[in-house]
Chemist: 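Next up is a structure, given as C-alpha cells.
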Number of protein chains: 4
Amino acid sequence: MSSAPPTSRQRRKEARPSELLDAALALFVEKGFAATRAEEVAARAGVSKGTLYLYFPSKEELLKAVIGHTLMADIARGAEKLAQAEGPTADLLVELMTEWWSAVLDSPSSAVFKLVMTEVRNFPEIGQYYVREVVEPGHRLIGTMVQRGIDRGEFRAVDVDCVVHAIVLPMVMLCLHKHSMGACGFTDPHLPPPPQFIRQHMDLVLHGLRNPTPAA
Amino acid sequence: MSSAPPTSRQRRKEARPSELLDAALALFVEKGFAATRAEEVAARAGVSKGTLYLYFPSKEELLKAVIGHTLMADIARGAEKLAQAEGPTADLLVELMTEWWSAVLDSPSSAVFKLVMTEVRNFPEIGQYYVREVVEPGHRLIGTMVQRGIDRGEFRAVDVDCVVHAIVLPMVMLCLHKHSMGACGFTDPHLPPPPQFIRQHMDLVLHGLRNPTPAA
Amino acid sequence: MSSAPPTSRQRRKEARPSELLDAALALFVEKGFAATRAEEVAARAGVSKGTLYLYFPSKEELLKAVIGHTLMADIARGAEKLAQAEGPTADLLVELMTEWWSAVLDSPSSAVFKLVMTEVRNFPEIGQYYVREVVEPGHRLIGTMVQRGIDRGEFRAVDVDCVVHAIVLPMVMLCLHKHSMGACGFTDPHLPPPPQFIRQHMDLVLHGLRNPTPAA
Amino acid sequence: MSSAPPTSRQRRKEARPSELLDAALALFVEKGFAATRAEEVAARAGVSKGTLYLYFPSKEELLKAVIGHTLMADIARGAEKLAQAEGPTADLLVELMTEWWSAVLDSPSSAVFKLVMTEVRNFPEIGQYYVREVVEPGHRLIGTMVQRGIDRGEFRAVDVDCVVHAIVLPMVMLCLHKHSMGACGFTDPHLPPPPQFIRQHMDLVLHGLRNPTPAA
DNA sequence: AATGAATGAGGGTTCATTCAT
DNA sequence: AATGAATGAACCCTCATTCAT
C-alpha cells in the first residue's frame, strides 16, 4: 500500500543527513570545528546554507551527530570478528589488528579520533560518548584476547592493561597523524606504509609477550 | 652605559612576550586557536588587548611564536643527556626516556604536541618547523641509542625506525591525552600514573628487543 | 449547472481565506506583524506554508486583507441601530454605546485597533483605509446623535467634536488594553469589568452634557 | 586630584548610552522592535554596529533599558507639582493636567506608551515595570486630587477610579495617536491642537464632577 | 609603553518565498 | 489544490585589529 516507489525528492531527503555528516566530518577534521563555516559544510554536501538547518538545529548539534554517526559500524564489525576468532592468540591478534586498523585508516572513521581530541575540551559530552562507545569496548576486547594468551600459557604474565595500551596507542597515533601532519605531506620518511607498520609493531609487542618456555 | 640595573618597568617589558606566549599556549591548547579570542590571551597574561598587538603583529604570528618558543629548551636538554650516557643500552634508554618524558609531561611543552596536531592543517609552516626541530632530532637521537644496542649485541637486529616509533608514539599519545580527554577528567582507569606507565612501556618494548644470546 | 451542493472540499476551499485571516489577525496582534512567521499563521489555520501563498501573494498583502476583512460588519451593524433610534438622546447614547462597544470588545474586531496602531507607520495604506472606513463614519454617527441632543435642548451647547472624542477615546483604549497589557494579565485593579466601565463612563460624560434648564 | 578635565573620548563614552537609547526609542516606536535593525539604531546614534554592543549586551536588553530610561524624569516632576498644589481642586486639576500632558506630548516620553503597548506581549517584564513605575503612581496621584475635591465638597461623590480613567485614558490615546496615525499625517480634522484639546476635555469631565450645591 | 573605545568584516541562524511533487 | 523541501537574502552578534589618548 504505502510502498510507492520513493520519488527523487524523497530519496534526496533520506540521504541528506548522511551527506551532511560526511561533509561535516571532513571539514571539521581538516580545519577544526570553530574554523569551519556552516556554509562550507552545506556547500560540500551540495546544498545551501539553509538546508543544513533543516536537518540539524545548530552547528554544535551537527558536531555531536558527526561523532555519534561515525565509528559505530566499524567498532561493531571489529568486535564480532575478534569474538569468533580461533587459533594461537599471537597470530590472531596480529591478523585481526592488522586487518581492522588498516580498514579504519582507510575509512573516514580514522578522522574521528582527531575530532574527539581537538573538540573534547570545548564539548565534554563528546568525551563521555567516546569513552563509553569506543575506548571501553575496544579496550575490553583486546584485553580479553591478551588475557586468553596468558591463560593458555602462550604469553608471559604481563600487565594486561599496559599491553593493550602498547598495542593501541601507536595505532591511534597513526590515525591522528594521518589527519594532521600526514595530510600536510609531512610523512615521516622512517614510517613504512600503514599495513606494514602495523604488522611490524604487532610483531615487536608480541615478541615481548611471548613466553620463552611455552607450556613446558 | 646600558648596564644600569633594569628598572621594574624594564623587567616587565622583557618578560611580557614570554608571559603572552605562555598564556597563548595554554588557551590555544584548551580551546583551539580559532576559538580563542585575542583578548582572552591578553587578559590571562595580565595586559590589555592593545598590548598584545605591541608584541605580535597578529593572532597568527602569535601562534607561530608559541610553537617556536616552547619545546626548544626541553629538546636540547634531552639531547645532551642522551649523548653523554654510558652503560648497558637498555638501562640507559629506560632511565633517560622515563626521566625526559616525565619532565615533558609535567611541563607546558607537553601541550605543544596537541597544538601542532590541531593547527598544522591550517598553518602548514608549523609542520615544517615541528618536523625539523622536534621530530627529526628526536628520532635520530633515540635511533642512535637503539643502533648502539644492536651494535653492541645487546639487542636483536630489529628495524630501528620501527622500534623508535614503538617507543615514542605512546609517549606522544600520553601528551595528547593529557591535554584533551585527560583535561576533561576522562582518565582511562586502566592507565597507571605517567612515570609508572612509561617505565612499564619501556620494559615491554625492551623485552621485545633483548637478545636471547647476548654476545654468545 | 454549478448549483450542485458544494462538496466538503469546496466548502473547505471557500472557508480557507477566512480561516487564514482569523489566524493572521490573532497572531499579528499577539506578536506584531514583523515577529509573526508566515508558517505560524498557516499552522494556526491548519494548513501548510505553501497553501497560505495560494491565497495571498505575500505576507504584506495578508496584513492588508486582515484589516479590510474585519470591523466592516460591526461598523455597519452599529450604524444601522444608531440611525433608527428614538427617544431621549442621553438614554439612546448610553444604551447604544454600551451595547456596541461591549460587542466589539468581545469580538476579534477589538484587535484591529491595536493592529492599526502598531502597523500604520510601516504600511500607511492601512491608515487611509482605517480613517475612511472606521474613524470618519463612526465620528459622524456619534456626532449626529450629540448634535440631536443639543438641537432638542437636552444637552448644553458644547463642542460636538470634543464630546465625541471624550466618548470614544476611552473605549478605544479599552480595546488596545485588552490586547496588550490586559492580555498579559496586567489588569488594572481599579478597572471595573467592561460593560460596567462603559456605562459609568457614559454616565459621567453625559452628566457633563445635560442641560440644567431643559427646554425652559 | 582626580578632577582632570574629561577628554573628548571620555565625554563621548558617557554620552553614548543616552544617545543610543534615544535613537532606539525613536526607531522602536517608528518601526516596531522586531522590524528595527540593530545597525539602524547604531547609525542613528552616529556609531557603528559594534559600538552598540559595547553598551548593551543584546537588542532585547536595549529595549528594556529604553523603557526604564525614559518617563522616569517626567513622572517624578509631575508628582512633585501635583503634591504641592493649593487652591480650588477643579482649577488645580485643569491647570496641572494641561501643563503636564502638554509637556509629555512634546517630549520623547510620549512614545513610551506606544512602545509598551506594542511590545508587552513579547516581553512581559516590560509590563510589570510599566505598571509599577507609571500606571500606579500616576493613578494614585490623580485619584488623591479627585478625592480631595470630593472631601472638600467641591465634587459630587462619584467613583474616583472611574473619573481617573476618564481623565487619563484620552490623554494616553493622544500619545498613542501621535506616534501612530498622527505620525503618518492622518490628523483627525476634528481634533484641536493638543493643549486646547486637553483643556476642553478636562472642562468636560470636571463639569460632570462639579457639585451643583457647593457647600450649601 | 599601555589602554580600551571604536570599527566593520564575517559567520550563525532565521524566514519569506518558490516550486517540484 | 496542497505540500514541504529548498533557497538565499537579511539580520543578530562576535571579534581581530586599529588608533586616539
Side-chain angles (χ1 to χ4, degrees), chain A residues 4 6-14 16 34-43 46-62, chain B residues 9-10 12-13 16 34-43 46-62, chain C residues 9-10 12-13 16 34-43 46-62, chain D residues 4 6-14 16 34-43 46-62:
Chain A
T7 66
S8 98
R9 189 82 165 267
Q10 282 172 322
R11 230 174 300 117
R12 278 341 283 277
K13 197 198 165 188
E14 273 154 34
R16 222 56 107 182
T36 301
R37 287 179 310 151
E39 194 164 10
E40 286 178 291
V41 174
V47 298
S48 76
K49 204 178 1 172
T51 301
L52 171 60
Y53 286 88
L54 247 39
Y55 295 92
F56 300 94
S58 73
K59 202 181 150 193
E60 194 173 327
E61 287 305 315
L62 175 61
Chain B
R9 180 96 170 230
Q10 281 175 323
R12 249 16 255 272
K13 192 193 156 187
R16 276 290 144 71
T36 301
R37 294 183 347 208
E39 192 165 12
E40 285 178 288
V41 175
V47 298
S48 77
K49 213 177 351 177
T51 303
L52 173 60
Y53 284 87
L54 246 39
Y55 293 95
F56 302 93
S58 74
K59 201 179 150 193
E60 195 173 325
E61 287 305 316
L62 174 61
Chain C
R9 179 95 170 233
Q10 280 173 324
R12 249 16 256 270
K13 190 193 160 188
R16 277 289 144 70
T36 301
R37 293 180 350 203
E39 192 164 13
E40 285 178 289
V41 174
V47 298
S48 77
K49 215 179 348 180
T51 303
L52 172 61
Y53 284 86
L54 247 37
Y55 293 95
F56 301 95
S58 75
K59 202 181 151 193
E60 195 174 326
E61 288 304 317
L62 175 61
Chain D
T7 67
S8 96
R9 190 80 165 266
Q10 282 173 324
R11 232 176 296 119
R12 279 340 284 274
K13 196 198 166 186
E14 273 154 33
R16 224 53 111 183
T36 301
R37 287 180 309 154
E39 194 164 11
E40 287 178 290
V41 174
V47 298
S48 76
K49 204 179 0 174
T51 301
L52 171 60
Y53 287 89
L54 245 40
Y55 294 93
F56 300 94
S58 74
K59 204 182 148 193
E60 194 174 325
E61 287 304 317
L62 175 61

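Letters A, B, ... mirror the listed sequences (proteins, then strands); counts begin at 1.
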Chemist: For D:E61, check side chain to side chain donor-acceptor pair (under 3.5 Å) against everything at least two apart and list the hits.
Modeler: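 By the side chain to side chain donor-acceptor pair (under 3.5 Å) rule, D:E61 matches no residue at all.
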Chemist: Roughly, in whole Å, what's the span from CD in D:E61 to P in F:dC12?
Modeler: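 Between P of F:dC12 and CD of D:E61: 15 Å.
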Chemist: Can you check the A:R37 CZ to E:dG10 C1' distance for me, whole Å?
Modeler: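 Going from A:R37 (CZ) to E:dG10 (C1'), I get 8 Å.
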Chemist: For D:L62 and F:dC12, give me the distance from atom CG to atom C1', rounded to whole Å.
Modeler: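 So the CG-C1' distance, D:L62 to F:dC12, works out to 13 Å.
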Chemist: Only counting residues at least two apart or in another chain, list the ones meeting salt bridge (charged side-chain N to carboxylate O under 4.0 Å, His left out) with D:E39.
Modeler: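 None.
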Chemist: Could you tell me the separation between the CD atom of C:E60 and the C1' atom of E:dA16, rounded to a whole number of Å?
Modeler: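 After rounding, the reported distance stands at 12 Å.
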Chemist: Could you tell me how far apart C:Y53 (OH) and F:dA1 (P) are, to the nearest whole angstrom?
Modeler: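 Atom OH in C:Y53 sits about 18 Å away from atom P in F:dA1.
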Chemist: How do A:K59 and C:T36 order along DNA chain E: which one's closest nucleotide is nearer the 5' end?
Modeler: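 Looking at DNA chain E, the more 5' nearest nucleotide goes with A:K59.
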Chemist: By side chain to side chain contact (heavy atoms under 4.5 Å, CB included), which residues pair with C:S48, not counting sequence neighbours?
Modeler: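 Partners of C:S48 under the side chain to side chain contact (heavy atoms under 4.5 Å, CB included) test: C:T51.
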Chemist: Side chains of A:K13 and A:R16: closer than 4.5 Å at any heavy-atom pair?
Modeler: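 Result no, sub-4.5 Å side-chain heavy-atom pair not found.
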Chemist: Counting Watson-Crick and G-U wobble pairs whose two distances are both under 3.5 Å, find the runs of 3 or more in a row that involve DNA chain F.
Modeler: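 Counting only runs of 3 or more consecutive pairs, the stems involving DNA chain F are E:2-21 with F:2-21.
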Chemist: Among residues at least two apart in sequence or on other chains, which ones pass side chain to side chain contact (heavy atoms under 4.5 Å, CB included) with A:Y53?
Modeler: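 Once residues adjacent in sequence are excluded, the partners of A:Y53 under the side chain to side chain contact (heavy atoms under 4.5 Å, CB included) criterion are A:A38.
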Chemist: Rounded off to whole Å, could you give me the CD-to-C1' distance for the D:E39 and F:dT14 pair?
Modeler: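 D:E39 atom CD is separated from F:dT14 atom C1' by 14 Å.
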Chemist: Taking all non-hydrogen atoms of both residues into account, name the closest pair between B:A35 and B:E40 and its distance.
Modeler: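 Shortest heavy-atom contact: O-OE1, 4.0 Å.
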Chemist: Would you mind reading off the distance between D:F56 atom CZ and F:dC12 atom P, rounded to a whole angstrom?
Modeler: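 Whole-Å distance recorded here is 16 Å.
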Chemist: To the nearest 0.5 Å, tell me how far D:K59 NZ sits from D:T36 OG1.
Modeler: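 One finds 6.0 Å between NZ of D:K59 and OG1 of D:T36.
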Chemist: Write down the protein N/O and nucleotide N/O pairs, taken from nucleotides 6-9 of chain F, whose separation is under 3.5 Å; answer none if there are no such pairs.
Modeler:
| unit_1 | atom_1 | unit_2 | atom_2 | d |
| --- | --- | --- | --- | --- |
| F:dA6 | OP1 | A:R16 | NE | 3.1 |
| F:dA6 | OP1 | A:R16 | NH2 | 2.4 |
| F:dA6 | OP2 | A:Y55 | OH | 2.5 |
| F:dA6 | N6 | C:K49 | NZ | 3.3 |
| F:dT7 | OP2 | A:S48 | N | 3.0 |
| F:dT7 | OP2 | A:S48 | OG | 3.2 |
| F:dT7 | OP2 | A:T51 | OG1 | 2.6 |
| F:dT7 | O5' | A:S48 | OG | 3.4 |

